[in-house]
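What follows is a single structure, written as structure tokens, with notes after it.
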Amino acid sequence: MRDLQKTMLAELADKTVYECAHRHGLAYLEQLCERGVYPSVDALERLSVFDEAFPASSEDAVSVINMLHEYGAEATVASGGGRYFGFVTGGAVPAGHAAKVLGTYWDQNSAMHVMSPLVSQLELVVTRWFQQIFDLPEQTVAGFVSGTSLATFCGLAAARYRLLARAGWDVNEQGLFGAPQIRVVTSRQAHSTVIKAIGMLGFGKGNIEWVDVDDQGRLLASALPQLDNRTLVILQAGNVNSGSFDPFAEICEQAAKAGAWVHVDGAFGMWAGATQQLRHLTYGIELADSWATDGHKTLNTPYDCGIALCRDQEALTASLHMSGGYLMPSNTSNDDIPERDGMFFTPEMSRRARVIELWATLKYLGRAGLNEMVYGLHERAVQFADAVQKHEGFEVLNDVVFNQVLIQCATDALTDCVLERIQDLRTCWVGGSTWDSHRVIRVSVCSWATTEEDIQRSVASFARAFTDVHTTRQEPHAI
């Protein structure tokens with residue numbers, strides 16, 4: 001036996017390196033909600049310690065973990081705390097976070113049932129739970145991917161397969177050269193990842209038929225072009241800036257009559273449908289053909305957790321299918337012992353078992369907890385909007401229908417300066433965006449950990465930043 005192998009077997013047996021990582025991880029969580037949201041200047045400068053030549057020999061495992069903790073922990077962004085509003089990034093429900101840790105020890109490959117019967121079973125269960133949570137058709141299937149970007153790719157790939165098949169064209173065998181053209185219809189405020197997927201799948205960004213929106217970013221059903229059976233319509237549950245929702249029922253009914261395919265980008269907004277108070281926002285969403293959403297946004301699973309949902313199993317699996325003589329596909333003929341090979345529902349074959357923390361989060365919350373958590377995000381967003389408008393210099397531009405708040409100062413230049421100062425103060429972290437051709441401060445309330453006090457502290461930081469920039473003309477600087 002070689003020396004390195006002996007060393008690693010010893011580390012596996014005595015568990016010291018694992019205990020070290022566990023200790024550091026718990027220490028990190030203890031201060032997560034109270035620390036500055038963004039790393040200090042000193043912490044960022046200390047990252048230079050990692051800039052070294054590739055080591056010539058192996059090093060002590062505990063020393064490696066200690067170095068990562070000493071220089072890495074303080075340079076992380078506290079996105080799991082209660083005052084990170086920069087992107088639509090959720091925290092991590094403790095049960096889901098802990099399940100991910102356990103799943104890391106298991107290190108399962110999710111490609112086939114034979115590789116991990118546990119993962120196969122959990123994916124079947126969670127798929128059924130999604131049907132129940134969102135009132136989706138019973139035949140809906142799910143692919144568990146890294147995020148909505150890939151989930152949208154899967155949904156549009158299924159649409160491409162089905163729409164071309166209806167036109168007598170097998171895209172898998174014949175490719176796209178010479179194929180009947182598919183029309184793509186979507187909102188002028190479609191998310192950039194949707195546009196990316198359109199380009200990757202060969203539809204052509206220049207072929208998009210853009211549809212106008214109202215002052216909140218909702219697609220105008222009255223502005224839709226005439227649909228037909230070669231049309232892919234892409235709708236949005238949660239505008240990334242305003243949080244608005246497209247009119248699903250009206251558009252899906254039009255699409256169904258024409259034989260068009262409807263895909264819904266529901267990265268964070270689809271979860272409004274899991275609440276009693278906000279489910280009106282997603283009325284008619286179950287009439288679509290495919291959906292894309294994230295667990296790591298509104299549901300607050302750990303990061304890297306996207307879900308592709310599709311009512312047409314054949315279209316999804318045919319568009320993503322792979323085969324090989326060495327593979328051992330499941331026996332799907334035995335209804336008493338259901339099996340699932342996850343690789344047929346995603347572009348990847350090998351992928352980590354992200355369904356473990358997804359199952360744990362949903363199991364822990366249940367319907368009542370899910371309702372309370374998601375609606376709570378909306379309540380905190382409303383609190384933020386109401387409070388910030390009471391301070392001089394801030395105007396809220398959007399109807400706060402879900403968890404997004406758009407804030408503007410008197411000029412674009414002032415808005416950007418105040419934003420920079422807010423970020424420098426590090427009490428909270430918010431991002432910037434453009435809305436109606438003007439610069440805005442974008443607040444996304446996505447973490448279960450956000451309390452009323454967190455909102456109060458964050459709004460106070462807004463007020464201080466405005467005073468620093470506008471009244472004293474103090475240049476933004478790091479604190």
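Just so you know, these numbers use all the heavy atoms, side chains as well, and skip hydrogens, waters and symmetry mates.
- With a 4.5 Å cut-off on side-chain heavy atoms, Leu232 and Val185 do not count as touching.
- Under the 3.5 Å distance criterion, with hydrogens and angles disregarded, a donor-acceptor pair is assigned to the side chains of Thr76 and Arg35.
- With a 4.5 Å cut-off on side-chain heavy atoms, Phe87 and Trp429 count as touching.
- Side chains of Ser79 and Tyr303: a donor-acceptor N/O pair is absent below 3.5 angstrom, by distance only.
- Under a 4.0 Å N-O distance rule, the pair Asp386/Lys390 does not qualify as a salt bridge.
- Taking every heavy atom of both residues into account, Met373 and Leu365 meet most closely at CE-CD1, 3.7 Å.
- Inspection of the Arg439 and Thr434 side chains reveals an N or O donor paired with an N or O acceptor under 3.5 Å.
- Less than 6.0 angstrom separates the ring centroid of Tyr18 from the ring centroid of Tyr105.
- The closest side-chain heavy-atom distance from Asp312 to Val141 is not below 4.5 Å.
- Under a 4.0 Å N-O distance rule, the pair Asp289/Arg162 does not qualify as a salt bridge.
- No side-chain donor-acceptor contact under 3.5 Å links Ser63 and Asn66.
- At a cut-off of 3.5 Å, with distance as the only test, a side-chain donor of Gln383 or Arg380 sits close to an acceptor on the other residue.
- Other residues, nucleotides and ligands contribute at most 12 non-hydrogen atoms within 6.0 Å of the CD atom of Glu453.
- Residue-environment remark: CD (Glu59) stays at or below the threshold of 12 foreign heavy atoms within 6.0 Å.
- A salt bridge links Glu357 with Arg352; the closest basic N to acidic carboxylate O contact falls under 4.0 Å.
- Heavy atoms from other residues, nucleotides or ligands lying under 6.0 Å from CZ of Phe144 number more than 12.
- The two residues Ile307 and Ala142 make their nearest non-hydrogen contact at CG2-CB, 4.2 Å.
- Nearest heavy-atom pair across Val262 and Cys252 is CG1-SG, 3.9 Å.
- Side chains of Thr415 and Thr411 form no contact here, defined as non-hydrogen atoms less than 4.5 Å apart.
- Between Phe394 and His391, a ring centre-to-centre spacing not shorter than 6.0 Å is recorded.
- No close placement of the Phe248 and Tyr283 rings is indicated, their centers lying 6.0 Å or farther apart.
- Applying the side-chain hydrogen bond (donor to acceptor under 3.5 Å, both in side chains) test between Lys297 and each of Thr301, Thr293, Asp294 identifies Asp294 as the sole match.
- The two atoms that bring Ala75 and Leu47 nearest to each other are CB-CD2, 3.6 Å, heavy atoms only.
- Using a 3.5 Å distance cut-off with no hydrogens or angles, the side chains of Asn239 and His191 do not pair a donor with an acceptor.
- Remark: aromatic rings of Phe384 and Phe85 are close, center separation under 6.0 Å.
- Within a 6.0 Å radius of CD in Glu372, no more than 12 heavy atoms belonging to other residues, nucleotides or ligands are found.
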Task: Verdict with reasoning, Phe134 to Trp271, per ring-ring contact (aromatic ring centres under 6.0 Å, His included) - done: CA-CA 8 Å; Phe134 300 120; Trp271 293 97; 5.0 Å; yes

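- Here Arg218 does not pair with Glu250 in a salt bridge; the nearest charged N to carboxylate O distance is not below 4.0 Å.
- Between Tyr71 and Phe50, the ring planes lie perpendicular to each other; the angle is over 60°, past the 30° to 60° tilted range.
- Between Arg183 and Thr231, the side chains place a donor N or O and an acceptor N or O closer than 3.5 Å (distance only, hydrogens not considered).
- With contacts defined as side-chain heavy-atom distances shorter than 4.5 Å, the pair Val211/Ser187 does not qualify.
- Looking only at atom types and distance, the side chain of Ser433 has a donor-acceptor partner in the side chain of Asn241 under 3.5 Å away.
- Between the side chains of Gln216 and Ser242, no donor N or O sits under 3.5 Å from an acceptor N or O.
- Between Phe153 and Thr193, every side-chain heavy-atom pair lies at or beyond the 4.5 Å cut-off.
- A heavy-atom distance below 4.5 Å is found between the side chains of Thr282 and Phe245.
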